[in-house]
Amino acid sequence: VQLQASGGGLVQPGGSLRLSCATSGGTFSRYAVGWFRQAPGKEREFVTALRVSRGGTWTSDSVKGRFTISRDNAKSTVYLQMNNLAPEDTAIYYCAAGEERKFILSSLGLARLYDSWGQGTLVTVSS
């Protein structure tokens, strides 16, 4: 499966953005799709993920209550709605996919279980 992340940009603190992860070349319902991010000089960090077929989400405590993941099965696309953004959310955001059968909910945060990665989209939170 191929993934294309989009929707990044410059936003002021407290603002919102919605990222999209469009998938192609695979059967959408077979996958779990996750969002990860990497800030300058830092290691990649798990953000949130969902299982397309069985349902269920898993979200990092650092964004819980501010970020929401959702999907549109008809468009084979996963979204990341980001609200109340803060400067520490500045990062390149990547979406990734792995076969859903490999995941239980608590393992959705494990990057090593994802097989396909998108190219990333830059989110900058600054006034």
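Since we're looking at a predicted model, the values are computed, not measured. For reference, positions follow the sequence shown, starting with 1.
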For the pair R30 and E100, evaluate salt bridge (charged side-chain N to carboxylate O under 4.0 Å, His left out) and give the outcome as yes or no after the intermediate values.
CA-CA 6 Å; R30 290 180 53 191; E100 187 181 278; over 6 Å; no
* Given side chain to side chain contact (heavy atoms under 4.5 Å, CB included), test R18 with L80 step by step and report yes or no. => CA-CA 6 Å; R18 189 178 79 158; L80 178 63; over 6 Å; no
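Follow the hydrophobic side-chain contacts under 4.5 Å out from L113 and you never reach V47; the two are in separate clusters. Under the 4.5 Å side-chain contact rule for hydrophobic residues, L105 and F46 share a cluster. When the side chains of ILVMFWY residues are joined at heavy-atom separations under 4.5 Å, either directly or via intervening members, V123 and V33 end up in a single hydrophobic cluster. Residue L110 is grouped with residue W117 when hydrophobic side chains (ILVMFWY) are merged at heavy-atom distances under 4.5 angstrom, including chains of intermediate members.
Within the structure, the disulfide (SG to SG under 2.5 Å) test picks out no pair touching residues 38-84 (sequence neighbours left out). Residue pairs meeting the ring-ring contact (aromatic ring centres under 6.0 Å, His included) criterion with at least one member in residues 90-114, sequence neighbours excluded: F36-Y114, F103-Y114. Within the structure, no pair that satisfies the ring-ring contact (aromatic ring centres under 6.0 Å, His included) test touches residues 60-86, not counting sequence neighbours.
Taking both residues in full, the closest heavy atoms of G34 and A49 are given as CA-CB, 3.5 Å, listed atom of the first, atom of the second, then distance. In this structure, P40 and T90 approach most closely via the heavy-atom pair CD-O, 4.2 Å. Closest of all the heavy-atom pairs between A5 and C95 is CB-SG, 4.0 Å. In terms of heavy-atom proximity, T59 sits nearest to K64 at O-CE, 3.4 Å. Nearest heavy-atom pair, C21 versus L3, reported as atom, atom and distance to 0.1 Å: SG-CD2, 3.4 Å. S62 and E45 make their closest contact through OG-OE2, 3.4 Å (heavy atoms, listed as atom of the first residue, atom of the second, distance).
With hydrogens and angles ignored, the 3.5 Å screen pairs a side-chain donor or acceptor of T121 with a backbone N or O of G8. Remark: the backbone N or O of S76 is paired with a side-chain donor or acceptor of T23 at under 3.5 angstrom. Checking side-chain atoms of S116 against main-chain N and O of A96 turns up no donor-acceptor pair under 3.5 Å. In this structure, Q119 contributes its side chain and Q4 its backbone to no donor-acceptor pair below 3.5 Å. Of the possible donor and acceptor atoms, none in the side chain of S29 sits under 3.5 Å from a partner among the backbone N and O of S53.
To the nearest 0.5 angstrom, R112 atom CZ is 9.5 Å from K102 atom NZ. The distance from the OH atom of Y31 to the CZ atom of R71 is 15.5 Å, given to the nearest 0.5 Å. The CD atom of Q81 sits 12.0 Å away from atom CD1 of I69, with the distance rounded to the nearest 0.5 Å. Atom CZ in R54 sits 9.5 Å away from atom CD1 in I104 (nearest 0.5 Å). The CZ atom of R66 sits 6.5 Å away from the CG atom of L85 when rounded to the nearest 0.5 Å. To the nearest 0.5 Å, the span separating CG on L19 from CE on M82 amounts to 3.5 Å.
For K42, the NZ atom is loosely surrounded, since the number of other residues' heavy atoms within 6.0 Å does not exceed 12. More than 12 heavy atoms of other residues, nucleotides or ligands sit less than 6.0 Å from atom CD of E88.
Residue F28 forms a side-chain contact (heavy atoms from CB on, under 4.5 Å) with just one option from V52, T77, D72, and that option is V52.
No side-chain donor-acceptor contact under 3.5 Å links S126 and T124.
Looking only at side-chain heavy atoms (C-beta outward), S16 and N83 come within less than 4.5 Å of each other. Between T48 and W58 the shortest side-chain heavy-atom distance does not fall below 4.5 Å.
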